[in-house]
Amino acid sequence: QVRLVESGGGLVQAGGSLRLSCAASGRTFFSYSAGWFRQAPGKEREFVAAVAPSGSSTDYADSVKGRFTISREIAKNTVYLEMNSLKPEDTAVYYCGAGPGWPLSWTVYWGQGTQVTISS
């Protein structure tokens, strides 16, 4: 099985940057697509970004395209989300997830989430 642990959340001023990390354990993580999702208070969890097993293909929600970058360091079993030009509306709990196939359409493993708060 795959276990995922997010880190890197915190408080950031609008316009700032933050890098989230998702450390994975499990022998088969290399074969899974991985993604980032977020959930703001009172709202449904939404897709943010995804990366293919090889790291060569990515996908982004329109709301973050051009500002966020997802990547993975396969040797370290780690997925990153580099967030730039942050806005107050980016405030949410961010979750990493993983699942088979590409594009990522069925997320079967989830991390515990990390809080990202952007002040205006």
Side-chain angles (χ1 to χ4, degrees):
Q1 69 156 20
V2 174
R3 293 184 294 275
L4 307 173
V5 180
E6 302 97 332
S7 63
L11 301 170
V12 185
Q13 294 278 358
S17 298
L18 198 63
R19 188 196 198 195
L20 306 183
S21 298
C22 177
S25 62
R27 294 163 52 204
T28 61
F29 181 67
F30 72 94
S31 68
Y32 285 89
S33 295
W36 288 93
F37 302 77
R38 66 187 183 187
Q39 188 167 21
K43 296 184 178 180
E44 193 171 274
R45 186 175 299 185
E46 65 174 339
F47 168 78
V48 175
V51 60
S54 68
S56 61
S57 297
T58 58
D59 189 27
Y60 298 92
D62 288 342
S63 60
V64 307
K65 190 170 295 184
R67 299 190 297 122
F68 292 9
T69 302
I70 187 171
S71 62
R72 67 193 305 166
E73 191 169 351
I74 296 172
K76 295 180 65 175
N77 285 343
T78 302
V79 179
Y80 304 98
L81 185 68
E82 180 70 34
M83 304 185 292
N84 300 309
S85 301
L86 284 161
K87 306 174 181 179
E89 51 263 44
D90 294 318
T91 294
V93 177
Y94 283 70
Y95 300 88
C96 65
W102 180 257
L104 179 63
S105 60
W106 181 30
T107 305
V108 297
Y109 297 105
W110 293 95
Q112 84 289 346
T114 184
Q115 177 71 49
V116 172
T117 302
I118 312 302
S119 61
S120 59

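Residue numbers run from 1 in the order of the sequence given.
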Taking side chain as C-beta onward, heavy atoms only, is Q112 less than 4.5 Å from E6? yes
Kindly indicate whether the side chain of S21, heavy atoms from C-beta on, has any atom under 4.5 Å from the side chain of S7. yes
For the atom pair [atom1] ([X]) and [atom2] ([Y]), what is the distance rounded to the nearest 0.5 Å?
X: E89; Y: K43; atom1: CD; atom2: NZ; value: 8.5 Å
X: S33; Y: D59; atom1: OG; atom2: CG; value: 10.5 Å
X: C22; Y: I70; atom1: SG; atom2: CD1; value: 9.0 Å

In short, salt bridge (Lys or Arg N to Asp or Glu O under 4.0 Å) pairs touching residues 93-120 with sequence neighbours left out are none
Compile the donor-acceptor pairs under 3.5 Å between side chains in residues 79-88 and protein atoms, sequence neighbours left out, one pair per line.
unit_1	atom_1	unit_2	atom_2	d
Y80	OH	E73	OE1	3.1
N84	OD1	S17	OG	2.8

V108-V51 co-clustered via ILVMFWY side chain contacts under 4.5 Å: yes
May I ask you to establish whether R72 and F29 are in a cation-pi arrangement, using a distance under 6.0 Å from NZ or CZ to the six-membered ring centre and at most 45° from the ring axis? yes
Would you be so kind as to tabulate the donor-acceptor pairs closer than 3.5 Å made by side chains of residues 93-102, with sequence neighbours excluded?
unit_1	atom_1	unit_2	atom_2	d
Y94	OH	R38	NH1	2.9
Y94	OH	D90	O	2.7

Using a 3.5 Å cut-off and no angle test, enumerate the donor-acceptor pairs between side-chain atoms of residues 113-120 and protein atoms at least two apart in sequence or in another chain.
unit_1	atom_1	unit_2	atom_2	d
T114	OG1	G9	N	3.2
Q115	NE2	A92	O	3.4
Q115	NE2	T117	OG1	3.3
S119	OG	Q13	OE1	3.1

Is there a donor-acceptor pair under 3.5 Å between the side chain of T78 and the backbone N or O of K76? yes
So the ring-ring contact (aromatic ring centres under 6.0 Å, His included) pairs with at least one residue in residues 32-63 (sequence neighbours excluded) are Y32-Y109, F37-F47, F37-W110
Could I get the full list of side-chain hydrogen bond (donor to acceptor under 3.5 Å, both in side chains) partners for S54, not counting sequence neighbours? S56
